[in-house]
Amino acid sequence: MHWADSIAKALSHRGDTHVVASGITPSGEFHIGHLREILTSDMIKRACKSHDLEIEFVWFVDDADPLRKVYSFLDESYEQYIGHQLANIPPPDSSGKPDYDRFESGISYAKHFLGPFIQALEYIGVEIDEIIYNYDAYKSGKFADASRIACNQTDEIREIIERVSGRELDDDWFPWNPIDSTGSMDGIRITGWNDPIVSWIDSKGNDGQSDVTKGDGKLPWRVDWPAKWSWRGVTMEPFGKDHGAAGGSYDTGKEICQLLGDQPPYPTTYEWISLKGVGAMSSSTGVTVGPLEALELVPPEILRYLIARNKPNRHIDFDTGSALIELADEYQKKLSDLEKGSGEWDNLSRRQQVAWAKLESQILYSSIDPTKPPQAASERVTFRHLALVAQIRGDDADVWKSLQQSGLISGVPTGDLPRRLELMRNWIDSPHFPEAFRLNIQSEIAETAMENVDGRDVDYLGALRTKLASCEWTSQEINAAICNEAKERDIALRDAFQTLYWIVLAQDYGPKLASILEEMDRQAVLDLLQSAIVELSS
RNA sequence: GGGCCUGUAGCUUAGCCAGGUAGAGCGUCCGGCUUUUAACCGGAUGGCCAAGGGUUCGAAUCCCUUCAGGCCCGCCA
């Protein structure tokens, strides 16, 4: 059974109506792990639907959280905003400085980072039913009940956190972080509580009061989380394994949620995604891939497939190199398996039935639009194929022509094909593209080639060179020249091609040779052959 | 110190929750294919399921122990 189906099944024992939640802090640091969280939720939602459960997907945006530090992409002037809520500070401009003009027009720091992320989610087929901006939720009193309960039962909350997490809280710890006279949440001390008013004194010695029902501040994280579950009725939420550690925020949240009078959500911890590819030195070279960047390289359904095929508790090494091509191939292979059908169901072993059901789920959860049947694999141009053609043909129009000639498409490219080519070109131009797939066209004969090319080929190469000097420079004519000259000399085509691959690419195989030569300058090809002939003759 | 996850073929892994003769993909090798876009088709190769013990008629699967690797545990997702 697919992992998402197992979770849906577990949820069905609890009731027929569910709310699956997911969250993010728009501090600017989006990474691919965030994508796992949100896709995990999205897939669970789809699984619940196919199990006939009523399901709502809510997404919490923690824009009430304060800015923690001046991130590397921010200008030093952000120092003044540390401790201020993300919904309340200006967005950075392209140089990382606060952009007050945009802030005036309503774009906060949080919104600035959220915009593209939300767009990306739409693009990757994540269907969120409700986006909850925490800042607004606090302002409009959504957290009022939970906040008052927490403040009235400070001792109980403190007891839970200290006992479960095993850490000691300061004597003046209080389950409410107010905002001081400057807008900061840092360095503030609580001096009194008179439901629903918190009195405080800030680092500058100013004192003031906050109404916890009006969002003049927020609950600290360990209380904030269960408070969200409580008011929104969350029944399921996947979270990173940091929260899942013993004494972590899920453990304390569970008890606090019960204190608030509600049942905690069904938990699922997911493992981190780390970056592989680019060799092992990705961290040392500073090469990282955020979710937005990943979407510039990979078709969205492949990224979904990456998440769908791995159980949440499985660590993923996101490999932007050759493993990506294998991943894409695997996905397309499964699409075509699905097309072929399962065969007679009763003749399948239990294991085969399990595998089939899982295959169906994997494809369902990977598709961008689950209401449409997945595009037939036979209509698709494979990832691998596109990687080659895109390298050989610099012009998009020539790529389409090539695909038409090989019968992969008829007429103009349709569907997501143009977008896929764009992604492929991005990938090829990026440092992530695997060297093993890169075509290295030689300008002079390589040493490794010499070891594999035979002196007997000189005659053939000479004749071929003569033909190529005068023939029409089209792939058909070039191909004819290669084949005819080989035939005349009783050279097996396989051998002829291998010889030429060695000369042109310094390896013994490759994409259709005539296509490569056609893209090259005629004189360059002639020169290359000449150098091979000279080397072989000497 | 507390805890989580992982260990199955050269590699990536399915199967484990509900015990019943270990399945894939990639790779490798062989064969086929007279014009090869890393293609395609057919076949073969390859596992004391990390180790040990227990439960059972029967264990990759359940229980215990050990070993190895990864990760989390101030704030923060």
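No experiment lies behind these values; they were computed from the predicted model shown. Reminder, nothing fancy here: chain letters follow the sequence lines and each chain counts from 1. For the numbers below, each heavy atom of this structure counts, side chains included, while hydrogens, waters and symmetry mates do not.
A salt bridge links A:K218 to A:D65: one of the charged nitrogens lies within less than 4.0 Å of a carboxylate oxygen. A salt bridge does not link A:E518 to A:K512: none of the charged side-chain nitrogens sits closer than 4.0 Å to a carboxylate oxygen. Under a 4.0 Å N-O distance rule, the pair A:K228/A:E237 does not qualify as a salt bridge.
Within the shown strands, B:rC41 is the pairing partner of B:rG31 under the Watson-Crick or G-U definition, both distances less than 3.5 Å. Pair assignment for B:rC76: none, as no Watson-Crick or G-U wobble contacts are both less than 3.5 Å. With a cut-off of 3.5 Å on both pairing distances, B:rU21 has no Watson-Crick or G-U wobble partner at all. Base pairing of B:rC16: no nucleotide in any strand meets the Watson-Crick or G-U wobble criterion (both distances under 3.5 Å). Searching all strands for a Watson-Crick or G-U wobble partner of B:rA68 with both distances below 3.5 Å returns B:rU6.
Other residues, nucleotides and ligands place no more than 12 heavy atoms under 6.0 Å from the CD atom of A:E168.
To the nearest whole angstrom, the two C1' atoms, one in B:rC49 and one in B:rU61, are 10 Å apart. For the P atom pair drawn from B:rA18 and B:rC63, the interatomic distance equals 10 Å after rounding to whole Å. Straight-line distance between the P atoms of B:rA22 and B:rA9: roughly 15 Å, to the nearest whole Å. The C1' atoms of B:rC67 and B:rC11 are separated by 23 Å, rounded to the nearest whole Å. Going from the C1' atom of B:rA60 to that of B:rG42 covers 32 Å, rounded to whole Å.
For A:N313, taking side-chain heavy atoms from C-beta onward, the closest of the listed nucleotides B:rU6, B:rC76, B:rU37 is B:rU6. Taking every side-chain heavy atom of A:D65 into account, B:rA77 is the closest of B:rU37, B:rC72, B:rA77. Which of B:rC75, B:rC76, B:rC71 sits closest to the side chain of A:W272 comes down to B:rC71. Here the nucleotide nearest the side chain of A:H34, chosen from B:rA77, B:rA38, B:rC5, is B:rA77. For A:K512, the side-chain atoms get nearest to B:rU37 when compared with the rest of B:rC75, B:rU37, B:rC72. Nearest to the side chain of A:C483, among B:rA77, B:rU35, B:rU37, sits B:rU35. The listed nucleotides are B:rU37, B:rU13, B:rC71; the one nearest the side chain of A:I392 is B:rU37. Here B:rU12 is the nucleotide among B:rC76, B:rU12, B:rU36 with the atom lying nearest to any side-chain atom of A:R309. In the set B:rU35, B:rC75, B:rU37, the nucleotide with an atom closest to the side chain of A:R167 is B:rC75. Side-chain atoms of A:T25 lie closest to B:rA77 of the nucleotides B:rU37, B:rA77, B:rC75.
Contact between the side-chain N/O atoms of A:W221 and the OP1/OP2 oxygens of B:rC75 is not found at any separation under 4.0 Å. In terms of phosphate contacts, A:R314 brings a side-chain nitrogen or oxygen within less than 4.0 Å of OP1 or OP2 of B:rA14. Between A:K358 and the phosphate of B:rU13, there is no side-chain N or O to OP1/OP2 separation shorter than 4.0 Å.
Residue contacts for A:H315: at a heavy-atom cut-off of 4.0 Å it reaches no nucleic acid atom on any strand shown. The residue A:K334 sits apart from the nucleic acid: no heavy atom pair falls under 4.0 Å. Using a 4.0 Å heavy-atom cutoff across all strands shown, A:G166 reaches no nucleic acid atom at all. Within the nucleic acid shown, A:N484 has no heavy atom closer than 4.0 Å to any nucleic acid atom. If you check every strand for non-hydrogen atoms under 4.0 Å, A:S6 touches nothing. Among the atoms of the strands shown, none is found under 4.0 Å from any heavy atom of A:F239. Note on A:L439: a base of the nucleic acid sits closer than 4.0 angstrom, heavy atoms only.
Each of A:K228 and A:K9 has a nearest nucleotide on RNA chain B; the 5'-most of these lies closest to A:K9. Mapping A:N310 and A:L403 onto RNA chain B by nearest heavy atom places A:N310 at the nucleotide closer to the 5' end.
Applying the 3.5 Å distance criterion, the base of B:rA77 shares a donor-acceptor pair with the side chain of A:D242.
Rounded to whole Å, atom P of B:rU37 lies 8 Å from atom CG of A:N479. Residue A:H243 contributes atom NE2, which lies 8 Å from atom C1' of B:rC76 at whole-angstrom precision.
Side-chain contact of A:E330 with A:Y305: a donor-acceptor pair under 3.5 Å is present, judged by distance alone.
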Take A:F143 and A:W176 through the ring pair (Phe, Tyr, Trp, His ring centres under 6.0 Å) test and state the conclusion after the steps.
CA-CA 11 Å; A:F143 286 91; A:W176 183 261; 8.8 Å; no
